[in-house]
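Here the structure comes first, spelled out in structure tokens, and everything after it is commentary.
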Amino acid sequence: MYIGLLPDDGLVLKHLQNNLKTVKDLVLSLPEEKLLYRYAKNKWTIKETLAHIIDDERIYVYRALRFARNDKTELPGFEQDDYAISSEANNRKIKEIMKEYETVRKATISFFNGLPKKALVRVGIANKNIMSVRAAAYHIAGHELHHINIIKEKYLNTK
């Protein structure tokens, strides 16, 4: 679902870099009340969504690391709603969240840039699904776009 949001151009790391600028420009332009808005009951705020994107990226990079190093251990899934609540993102300043976002993104790009080409096609199992290291990178970029599209459509009515 997420991978299909990206062009099939082999430039996933460039997309990750470009997405970071897009997200920063968008989010830092919003007033606090928009960052705390929920478009429906039990839906995340924009701050919680950003924390979720960060958590998901960390988890997928961890999975990619394990698979890239030929670790055959099956990895568990995670409960995203529990993570979002526990992040307490709504109590944080947006500049702090975005600093963490940028730090994680730079580490992600550095990690994938440092992999040998043969590592990108290695696979593993996470959450009962087979995934390649390369697919993890595309998931991260596509997952981010998915949530940015939701923010634009449901929170900002701009899509």
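Along the sequence shown, the residues carry numbers beginning at 1.
- Smallest separation of non-hydrogen atoms from L115 and A68: CD2-CB, 3.8 Å.
- Put simply, OH on Y2 and CD1 on I140 are 12.5 Å apart, with the number rounded to the nearest 0.5 Å.
- For R134 (side chain) and V121 (main-chain N/O), no donor-acceptor pair under 3.5 Å exists by modelled atom type.
- The backbone N or O of N129 sits nowhere less than 3.5 Å from a side-chain atom of N127 that would complete a donor-acceptor pair.
- Within the model, atoms CG of D71 and CZ of R122 stand 11.5 Å from one another, a figure rounded to the nearest 0.5 Å.
- E153 and Y39 share no side-chain donor-acceptor pair at under 3.5 Å.
- Side-chain atoms of Y101 and V27, non-hydrogen and from C-beta on, never get closer than 4.5 Å to each other.
- Here the straight-line distance linking atom CD of E48 with atom CD1 of I85 works out to 7.5 Å at 0.5 Å rounding.
- Pairing each heavy atom of L30 with each of I46, the nearest pair is CD1-CD1, 3.8 Å.
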Given the rule in the side chain to side chain contact (heavy atoms under 4.5 Å, CB included) test, do V123 and F67 qualify, once you have shown the distances and angles that lead to the verdict?
CA-CA 6 Å; V123 297; F67 302 158; over 6 Å; no
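- L28 and Y155 fall within the same hydrophobic cluster, where Ile, Leu, Val, Met, Phe, Trp and Tyr residues are linked whenever their side-chain heavy atoms come under 4.5 Å apart, directly or through other members.
- Environment of CG in N70: crowded, with over 12 heavy atoms of neighbouring residues, nucleotides or ligands closer than 6.0 Å.
- Put simply, the side chain of R38 gets close to the backbone of K43: a donor and an acceptor are under 3.5 Å apart.
- For the atom pair OG of S87 and CG of D82, the computed distance is 11.5 Å after rounding to the nearest 0.5 Å.
- Tested against E100, the residues R58, K95, K93 include a single salt bridge (charged side-chain N to carboxylate O under 4.0 Å, His left out) partner, R58.
- L36 approaches T45 most closely through the heavy-atom pair O-CG2, 3.2 Å.
- Taking the side chain as every heavy atom from C-beta outward, L156 and L26 approach each other to under 4.5 Å.
- Here the closest heavy-atom approach between residue L6 and residue G142 is recorded as CD1-N, 3.7 Å.
- Atom CD1 of I151 and atom OG1 of T49 lie 5.0 Å apart (nearest 0.5 Å).
- Taking the side chain as every heavy atom from C-beta outward, E74 and K128 approach each other to under 4.5 Å.
- Taking every heavy atom of both residues into account, Y138 and P7 meet most closely at CE2-O, 4.4 Å.
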Step-by-step side chain to side chain contact (heavy atoms under 4.5 Å, CB included) determination, L20 to Q17
CA-CA 5 Å; L20 174 62; Q17 186 65 47; 4.2 Å; yes
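- Distance alone, capped at 3.5 Å, is enough to place a donor-acceptor pair between the R105 side chain and the L16 backbone.
- Annotation for V104 and E57: closest pair O-OE2, 3.7 Å, computed over non-hydrogen atoms.
- Note: Y60 OH to F78 CZ = 6.5 Å, rounded to the nearest 0.5 Å.
- Counting heavy atoms from C-beta outward, V23 and L50 have side chains that approach closer than 4.5 Å.
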Determine, stepwise, if the pair D55 / Q80 fulfils side chain to side chain contact (heavy atoms under 4.5 Å, CB included).
CA-CA 9 Å; D55 288 347; Q80 64 182 15; over 6 Å; no
For salt bridge (Lys or Arg N to Asp or Glu O under 4.0 Å), just list the numbers for E32 and K47, CA-CA rounded to whole Å, side-chain angles, deciding distance to a tenth of an Å, and then say yes or no.
CA-CA 9 Å; E32 184 72 13; K47 284 184 173 184; 2.6 Å; yes
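- With S110 contributing its side chain and K106 its backbone, the two residues share no donor-acceptor pair below 3.5 Å.
- A side-chain donor from one of Y62 and R66 sits under 3.5 Å from a side-chain acceptor of the other.
- Using bins of under 30°, 30° to 60° and over 60° for the plane-to-plane angle, the ring pair H143/H147 lands in the perpendicular bin.
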